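Input: a single structure, listed below in structure tokens.
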Amino acid sequence: MKVLIVGGGGREHALANALARSPQSPELLAAPGNPGIAAVARCFPEIGVGDLDALVELAVAEGVGLVVIGPEAPLVAGLADRLEQAGIAHFGPTAAAAQLEGSKAFAKEIMSSAGVPTADWAEVETVEAGMEAIDGRYPAVIKFDGLAAGKGVVVAPDEATAREALTEMLEARRFGDGPVVVEDFLDGEELSLFAICDGERAVPMVPAQDYKRIFDGDEGPNTGGMGAYSPVVGAPDVDAVVAAIHQPVVDLLRERGTPFHGVLYAGLMLTDDGPQVIEFNVRFGDPETQGVLLRLTSDLLDTLVAATRPGGLAAADPMSFSDDWAVTVVLASAGYPESSSNGDVISGLDALSSDVEVTHAGTALSESGAVVTAGGRVLNVTALGAGPADARERAYAAADLIQFDGRQLRRDIAQRAVERVTS
Ligand code: AMP
Ligand code: GLY
């Protein structure tokens, strides 16, 4: 079977590698792909993730049996609907179901209706209404309703910051038109839990923890994610979490006639009152996916195909995961996250041993054929180990072989897990 992967980041490289391990030996295509993905898939660098016409045309022309949609933007823009009309099986929700990520207010309304635990919230359209909703409770959380490339959330410690954030979003229209969601601050540790959904049932993968800040000790601005590990010490039972959080959402969307097929990613806060949803995403998390998929021991292709059919997971082999730990370290370019640096030559990729997986997130080939930086997050190094210390040591040993000007990495990924397992 031909499988087309839509996207060109580290998550899509990890998906491509996991699909390449399938015993069904699918023929892999990727649009646009990247220089790392090119090792396992035929890439179409001229087709971007926003070019829905070209993506559908490619899938039809190649007789693709499954399209796996990596990023949120084409999902929210309706790529799944377009593929549905063209009669091509696809992994990823329709535009209607993708509103869970595309609109914070929609997601909140679904959670309230489905009885899913989340912070108390209000949707507001003016700065004054926002200040009234906050009502003096700080820190306050202010979120632009639509997609904002991870930059649309402000945790405001005081009134001045809250007013500034509301003004930027609602008057200066920094992210475009759209309302704002104001919600209560949730205290605790974050957890990412993906569930594969077939329109009727949500089936959990293994939990992971992501490091969102740029600097060690969770300092500095938010990023797309600087590292991750899996499993997570002290995480609640995944079946219980899915029963309380993912399944009620899948049930409600099905009742409303917009069933959810794809991966439902719950970003959770583990509070003293139990897990609460910070946000839903309608695609795999990046970089958590890199480790989760390395731990997957069953056939990913089988699961993704099953999820495209209503109730299809019931008849499929269940997913299985190794007991190994996975640790992922992200190497970012100079200036990230405010900016990024392109064209810095990357060395050391040839020296890596086969027991680590290096996925390309933002790389390109220079005219002379050298691999160079081409984005904020450049490479992800994932290693497995019998414990977190093992996996961490391997990941950092490999990461340190890779060099480029201005390279940034966090040194404390999974340190917390090592301390907890030892104590
Ligand atoms: P989001 O894009 O919704 O995941 O928000 C980005 C980050 O902001 C999250 O990963 C959290 O660290 C933080 N955040 C969002 N909502 C809340 C909340 N209600 N309470 C505390 N932190 C939050
Ligand atoms: N790792 C965070 C995200 O994918 O949104």
Side-chain angles (χ1 to χ4, degrees), residues 7 9-12 14-15 70-73 75-76 98 100-108 111 116-122 133-134 137-157 161-162 165 169 175 180-194 205 207-214 218-230 232 263-273 275-293 328-330 332 337 359 361 376-377 380 382 410 413:
R11 162 185 52 212
E12 288 78 22
L15 285 163
E72 62 275 18
L75 290 165
V76 171
L100 273 181
E101 178 166 0
S103 165
K104 306 267 190 210
F106 176 86
K108 284 299 215 178
M111 284 185 260
V116 170
T118 189
D120 282 342
W121 63 286
I134 292 169
R137 284 168 296 155
Y138 294 97
V141 182
I142 296 161
K143 301 183 169 182
F144 179 69
D145 182 62
L147 292 184
K151 302 205 163 73
V153 175
V154 174
V155 178
T161 322
M169 291 182 201
F175 305 107
V180 157
V181 166
V182 170
E183 69 179 31
D184 285 351
F185 179 78
L186 298 170
D187 202 15
E189 204 171 292
E190 289 183 47
L191 186 81
S192 301
L193 183 62
F194 311 151
M205 298 183 90
Q209 197 164 65
D210 177 20
Y211 287 73
K212 290 225 167 69
R213 304 298 191 105
I214 183 79
D218 293 327
E219 301 285 341
N222 260 321
T223 71
M226 289 299 292
Y229 68 94
S230 171
V232 179
V263 56
L264 182 56
Y265 158 179
L268 303 170
M269 193 71 87
L270 303 178
T271 72
D272 291 343
D273 303 328
Q276 305 229 12
V277 177
I278 298 172
E279 64 164 352
F280 279 122
N281 295 310
V282 299
R283 35 93 192 160
F284 286 102
D286 193 347
E288 301 98 305
T289 299
Q290 284 76 326
V292 167
L293 291 184
T328 300
V329 178
V330 172
T359 46
R377 292 191 291 173
N380 320 128
T382 306
R410 277 183 66 156
I413 306 300

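Numbers for residues simply follow the sequence, beginning at 1. Remember, it's 1-based here, ligands and their atoms both numbered in the order they're listed. This one's a predicted model, so the numbers in the text were calculated from it and none came from an experiment.
- Per-residue contacts place Val153 under 4.0 angstrom from the following atoms of ligand 1 (heavy atoms of the residue considered): 1 (P), 2 (O), 3 (O), 5 (O), 8 (O), 15 (C).
- In this structure, Gly10 and Thr359 approach most closely via the heavy-atom pair O-CB, 3.9 Å.
- At least one side-chain heavy atom of Asn222 sits less than 4.5 Å from a side-chain heavy atom of Arg213.
- Salt-bridge annotation for Lys108 and Glu183: present, with a side-chain N of the basic residue lying under 4.0 Å from a carboxylate O of the acidic one.
- Put simply, the residue from Ile134, Val153, Val155 that forms a side chain to side chain contact (heavy atoms under 4.5 Å, CB included) with Ile142 is Ile134.
- Residue contact check: Asp184 has heavy atoms under 4.0 Å from atoms 18 (C), 19 (N) of ligand 1.
- Protein heavy atom closest to atom 22 (N) of ligand 1, with residue, atom name and distance, is Met269 CE, 3.8 Å.
- Classified by interplanar angle (parallel below 30°, tilted 30° to 60°, perpendicular above 60°), the ring pair Phe194/Phe284 is perpendicular.
- Counting protein heavy atoms only, atom 11 (C) of ligand 1 is closest to Glu190 OE2, 3.1 Å.
- For atom 5 (O) of ligand 2, the nearest non-hydrogen atom of the protein is Arg283 NH2, 3.0 Å.
- Between the choices Lys143, Lys104, Glu279, the shortest heavy-atom distance to atom 16 (N) of ligand 1 belongs to Lys143.
- Here the CD1-NZ distance, from Ile278 to Lys143, works out to 7.0 Å after rounding to the nearest 0.5 Å.
- In this structure, Gln276 falls outside the shell of residues with a heavy atom less than 4.0 angstrom from ligand 1.
- The protein atom (non-hydrogen) at minimum distance from atom 13 (C) of ligand 1 is Val155 CG2, 4.2 Å.
- Across Tyr138 and Pro157, no two heavy atoms sit closer than the pair CB-O, 3.3 Å.
- The minimum heavy-atom distance between Gly225 and Pro287, with the atom names listed, is CA-CD, 4.0 Å.
- Panel note: side chain Asp145, backbone Lys104; a donor-acceptor pair is recorded below 3.5 Å.
- Assignment of Ala228 to the shell around ligand 2 is not supported, since no heavy atom sits closer than 4.0 Å.
- Per-residue contacts place Tyr265 under 4.0 angstrom from the following atoms of ligand 2 (heavy atoms of the residue considered): 1 (N), 2 (C), 3 (C), 4 (O), 5 (O).
- The protein non-hydrogen atom at the shortest distance from atom 14 (N) of ligand 1 is Ile278 CG2, 3.9 Å.
- The Glu288 neighbourhood of ligand 2 comprises atoms 1 (N), 2 (C), with distances under 4.0 Å to a heavy atom of that residue.
- Close approach to Gly224 involves these atoms of ligand 2, each under 4.0 Å from a residue heavy atom: 1 (N), 2 (C).
- For the pair Lys212 and Glu190, the salt-bridge criterion is met [side-chain N within less than 4.0 Å of a carboxylate O].
- Considering backbone and side-chain N/O of Lys212, none are found under 3.5 Å from N/O of ligand 2.
- Counting the atoms of ligand 1 from 1 in the order shown, those under 4.0 Å from a heavy atom of Lys212 are 10 (O).
- Remark: the Glu288 side chain and the Ser192 side chain contain an N/O donor-acceptor pair separated by less than 3.5 Å.
- What you find for Glu101 and Val282 is that their closest heavy atoms are OE1-N, 2.8 Å.
- Remark: ligand 1 atoms within the under-4.0 Å shell around heavy atoms of Glu183 are 16 (N), 17 (C), 18 (C), 19 (N).
- Taking only nitrogen or oxygen atoms, main chain and side chain alike, Leu186 reaches within less than 3.5 Å of ligand 1.
- The closest approach between Asp187 and ligand 1 stays at or above 4.0 Å for every heavy atom of the residue.
- Under a 4.0 Å criterion applied to the non-hydrogen atoms of Gly285, ligand 2 contributes the atoms 4 (O).
- The N/O atoms of Asn222, backbone and side chain alike, include none that comes under 3.5 Å of an N/O atom in ligand 1.
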